[in-house]
Structures are given as C-alpha cells and as structure tokens.
Amino acid sequence: MIVKVDWAGVKETTAREYLIRFVFGGSITAAAGLIGNAWGPVVAGLFLAFPAIFPASLTLVERHERERKAQKGLQGAHRAITAAADYAKGTAAGSLALLTFAVAGWKFLAKVPTAVVLAGGTLLWASVAGLAWFIVKRWR
Amino acid sequence: MEILVRFIVGGLVVSAFAVIGNLFKPTSFAGLFGAAPSVALASLALAASKDGAAYASVESRSMILGAVAMGAAAWMSCQLMMRRGIKALPAAACSLGVWFVLAFLLWHGLLKGLK
C-alpha cells in the first residue's frame, strides 16, 4: 500500500468545513486553559488528547466519499461508511503515537527547552504513527 | 486575552493538521492525523510560557491517559461502522462519549489526588 499526496481532499473541503475545525480546535484549546485555571494541570492535561480533529474529519470522509460516488451515478453509502471506518482505524493507530508524544513531554519538558521537546515530540509522533500504520497494514 | 490567544493558536494548529491529513491517501493513513498532537502543541507551548515547564510536564502526564481514551474511542467508532453499519456522525458522537467516560475513569483511578 503506497501513501500518496492527493490535493482532491483539500479541494473538496469547503470554507465552512475549515471554519468548523478552526472553531472546534480553538475552543478545545481555550477550554483546556480554563480547565487548568479552575482544576489544575492534572485535569487539564486530559484535554490535550481530546479528539479535536477526529469527529469532524470522520463525517467529512464519509460525506466526500458518498459525493464522489454520487457524481459517478453510484449509491456509495456502504463504501462511504467503510472509508470512514478506515479513517477511524488510522486514528486508533495514531493514538499510540500520541501516547509516545505525551510520555516524551512528561519526561523531558521540565528538563529540556520547550521548543526542543515539542519539535522532537512531533517528530516522534510522526515516526511512531507511520510505523504503527505500516505494521497494521502488513498484518491485515 | 490569554483565552483569545489560546483560541486562535489552537484553531490554527488544529486546522493545519487537519489540512495536512486531507492531503494523504489512503484514508487510513490520513486517519493518523485525527490523533495528531494539535491541541497539545498549542496548549503545552502556551502553558510552558505562562505557568512554567513543570506545569506543562504535569499536563503531559495526564495527556497519556487522554491518548489511551482517544485510541479506544477511535477503535470503538471503527467497530460501530464496520460491524453495525452505523454512519459516521453517530459513530463520532459515540466516540466523544467514550472519550469522556474513559478519560475520567482513568483519571479517577490513576491520577486523582496527584498534583
């Protein structure tokens, strides 16, 4: 299975859909700050792994797949749900990588400059996410 | 003012990862970006600058439990769609419920009372 860049996904997404993600993501980040102010970092930290992108993207994947099939005169409902399920599977694998990012943050933020930890953690996330996806694909 | 900055920075980072995720095929690879550390990057950077690195480190520790909850929520929504044919919107709504329940159960069992 080859990974490829496809601009169609970006073009299919409307300005409204981007705005929804911006507002949702911004709201979660702001809420994490408010929760931290009210209940401290132990509770606020949970929300750093809140599924901010996942719900909107899941529905978008299903809708775009259904629209693509409709343009070809096909029903596409089942294929759309399968595509969304594939997306969810990828997110589950990505969550393992998110866990490694969190561990790196926990262990190193108090000792190493923040920018270094966040950049390194993001690289770690990308590496583990790619590896997890590859392993899941190979074992299917 | 701090909340407004958080809103804008968080919105931009989440949107950026969402756009990057949209670029990739197959769909399962794009799904990895559904678990990107988007909120975390914005929040940890802001928390470290405002409250210090130790504070951000404590947030990261809790984030571990949130990530476990995220994985379970995503897997559950996948199963609902694959096995029950449930559409994405109700599956996504269920995933949020699962995240909340599991994240707070884990917090209550493992971190409650810690600082």
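So you know, we letter chains A, B, ... as the sequences are listed, proteins then strands, and number each from 1. The structure presented is a predicted model; accordingly, all values stated were derived computationally and were not measured.
- Annotation: maximal heavy-atom pairing with chain A below 4.5 Å, among B/Phe24, B/Phe17, B/Trp99, occurs at B/Trp99.
- For B/Ala69, no part lies near chain A; criterion is any non-hydrogen pair under 4.5 Å.
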Assess the residue pair A/Phe134 and B/Phe29 against the criterion (ring pair (Phe, Tyr, Trp, His ring centres under 6.0 Å)); give the C-alpha distance rounded to whole Å, side-chain angles, the decisive distance to 0.1 Å, and a yes or no.
CA-CA 9 Å; A/Phe134 181 76; B/Phe29 190 85; over 10 Å; no
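- In this structure, CG in A/Asp86 is found 6.5 Å from CE in B/Met82, a value given to the nearest 0.5 Å.
- Neither the backbone nor the side chain of A/Leu60 comes within less than 4.5 Å of any heavy atom in chain B.
- Between chain A and the residues B/Leu89, B/Ile8, B/Leu41, the most heavy-atom pairs under 4.5 angstrom are made by B/Leu41.
- Between B/Met63 and A/Leu98 the shortest side-chain heavy-atom distance falls below 4.5 Å.
- Only the side chain of A/Phe101 comes within less than 4.5 Å of a heavy atom of chain B; its backbone N, CA, C and O stay farther away.
- Only the side chain of B/Glu2 comes within contact range of chain A, judged by heavy atoms closer than 4.5 Å.
- Residue with the most contacts toward chain A among B/Gly85, B/Ser77, B/Ala42, B/Ala36: B/Ala36 (heavy-atom pairs, distance under 4.5 Å).
- Ranked by heavy-atom pairs under 4.5 Å with chain B, the list A/Leu99, A/Val43, A/Leu58 is led by A/Leu58.
- The part of B/Leu96 that comes within reach of chain A is its side chain, from C-beta onward, which places non-hydrogen atoms under 4.5 angstrom from that chain.
- Aromatic pair A/Phe22/B/Phe7: centroids less than 6.0 angstrom apart.
- When the candidates B/Ser60, B/Gly66, B/Ala92 are compared by the number of heavy-atom contacts under 4.5 Å with chain A, B/Ser60 comes out ahead.
- Expressed to the nearest 0.5 Å, how far OG1 of A/Thr100 lies from CG of A/Leu131 amounts to 10.5 Å.
- When heavy atoms are compared at a cutoff of 4.5 Å, A/Val61 approaches chain B solely by way of its side chain, counted from C-beta outward.
- Residue A/Phe108: no heavy atom, backbone or side chain, is found under 4.5 Å from chain B.
- Of all heavy-atom pairs spanning A/Ala132 and A/Ala93, the tightest one is CB-O, 4.0 Å.
- When each of B/Ala54, B/Ala48, B/Ala40, B/Pro37 is scored by its heavy-atom pairs under 4.5 Å with chain A, the top score falls to B/Pro37.
- Closest heavy-atom contact between A/Ala52 and B/Val39: CB-CG2, 3.6 Å.
- The part of B/Ile86 that comes within reach of chain A is its backbone (N, CA, C, O), which places non-hydrogen atoms under 4.5 angstrom from that chain.
- The candidate with the highest count of non-hydrogen atom pairs below 4.5 Å against chain B, out of A/Ala44, A/Ala92, A/Ala77, is A/Ala92.
- Ranked by heavy-atom pairs under 4.5 Å with chain B, the list A/Gly130, A/Ala104, A/Ala88 is led by A/Ala88.
- The CZ atom of A/Arg66 sits 13.0 Å away from the NZ atom of A/Lys69 when rounded to the nearest 0.5 Å.
- Highest contact tally toward chain A, considering only B/Leu80, B/Leu46, B/Val19, is held by B/Val19 [criterion: heavy-atom pairs under 4.5 Å].
- Only the side chain of B/Ser95 comes within contact range of chain A, judged by heavy atoms closer than 4.5 Å.
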Practice item. List the steps and the verdict of side chain to side chain donor-acceptor pair (under 3.5 Å) for B/Ser28 and A/Trp133. Key: CA-CA 8 Å; B/Ser28 58; A/Trp133 178 83; 2.9 Å; yes
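- The two residues A/Leu109 and B/Ala53 have their closest heavy-atom pair at O-CB, 3.1 Å.
- Of the residues considered (A/Ser27, A/Ala49, A/Gly94), A/Ala49 shows the highest number of contacts with chain B, using heavy-atom pairs under 4.5 Å.
- The parts of B/Phe33 that come within reach of chain A are both its backbone and its side chain, each placing non-hydrogen atoms under 4.5 angstrom from that chain.
- Aromatic ring pairs are classed by plane angle as parallel below 30°, tilted from 30° to 60° and perpendicular above 60°; the pair B/Phe104 and B/Trp107 is perpendicular.
- In terms of heavy-atom proximity, B/Ala88 sits nearest to A/Glu62 at N-OE2, 3.1 Å.
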